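The structure appears right after this line, and notes come after that.
All values reported here derive from a predicted model rather than from experimental measurement. Numbers here are sequence positions counted from 1. Below, each value reflects all heavy atoms present in this structure, side chains not excepted, and no hydrogens, waters or symmetry copies.
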Amino acid sequence: GSLAAAGGTPAYAPPERLCGDPRPADPSSDVFSFGVVVAEVFGQFATSMERAEAVMRLMAPPPAAAAPAADLSPSARLARAMLRRDDAQRPSATEVRREAAEAHA
């Protein structure tokens, strides 16, 4: 079935859903979608294009010459982990909650 038929919103859909992965959505799909929301909440975007570009930057593996993750804000580090393309590498919802609580304590 299509993403639309499944009730998904493409802007929040994880890569595996957009690529037609036949496996059913699982908690890692929700973590990815919430990662988009985290990026939206803590980012500042004038347009939806700026928002999409910021999400794509967080999804991309950092180049070797890029600033280390320690130079990112706690929210950006969390969003980057949640937006990993490989669903097996995303944190669990429990890990997200713990990281968010520690970052914003």
Side-chain angles (χ1 to χ4, degrees):
S2 73
L3 183 63
T9 303
Y12 298 90
E16 62 272 15
R17 298 281 73 79
L18 294 175
C19 293
D21 188 324
R23 296 176 297 163
D26 63 17
S28 72
S29 300
D30 296 332
V31 166
F32 181 93
S33 299
F34 187 53
V36 175
V37 174
V38 169
E40 290 175 336
V41 168
F42 292 102
Q44 296 181 352
F45 315 111
T47 66
S48 59
M49 180 58 78
E50 287 179 4
R51 175 207 146 295
E53 289 171 349
V55 169
M56 291 304 291
R57 276 193 307 275
L58 286 169
M59 287 177 64
D71 291 347
L72 296 173
S73 72
S75 299
R77 281 195 306 274
L78 181 58
R80 176 170 276 166
M82 295 167 74
L83 294 172
R84 289 184 178 132
R85 289 186 182 275
D86 181 350
D87 56 340
Q89 296 298 315
R90 293 180 202 137
S92 69
T94 300
E95 291 167 329
V96 168
R97 184 176 53 242
R98 185 185 68 243
E99 290 292 324
E102 289 173 5
H104 299 285

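- Every residue two or more places apart in sequence or in another chain that forms a ring pair (Phe, Tyr, Trp, His ring centres under 6.0 Å) with Phe42 is listed here: His104.
- Taking CZ of Phe32 as the reference point, atom CD of Glu16 lies at 7.5 Å (rounded to 0.5 Å).
- When all heavy atoms of Ala11 and Val36 are compared, the pair lying nearest together is O-CG1, 3.8 Å.
- Scanning both residues, Arg90 and Pro15, for their nearest heavy atoms gives NH2-CD, 3.6 Å.
- Scored by the side-chain contact (heavy atoms from CB on, under 4.5 Å) test, Arg98 finds Glu95, Glu102 as partners (sequence neighbours excluded).
- In terms of heavy-atom proximity, Pro91 sits nearest to Ala81 at CD-O, 3.2 Å.
- With Arg84 contributing its side chain and Gln89 its backbone, the two residues share a donor-acceptor pair below 3.5 Å.
- Taken from OG in Ser75 to CZ in Arg80, the straight-line distance is 13.5 Å, to the nearest 0.5 Å.
- Glu99 meets the salt bridge (Lys or Arg N to Asp or Glu O under 4.0 Å) test with no other residue; sequence neighbours excluded.
- Evaluation of the salt bridge (Lys or Arg N to Asp or Glu O under 4.0 Å) test over residues 18-28, restricted to residues two or more places apart or in two chains, returns Asp21-Arg23, Arg23-Asp87.
- The list of side chain to side chain donor-acceptor pair (under 3.5 Å) pairs with a residue in residues 44-59, not counting sequence neighbours, reads Glu40-Arg51.
- The shortest non-hydrogen separation linking Val38 to Ala79 is CG1-CB, 4.0 Å.
- Without hydrogens or angle criteria, Ser33 side chain to Tyr12 main chain gives a donor-acceptor distance under 3.5 Å.
- Residues satisfying the side-chain contact (heavy atoms from CB on, under 4.5 Å) test with Pro74, not counting sequence neighbours, are Arg77, Ala103.
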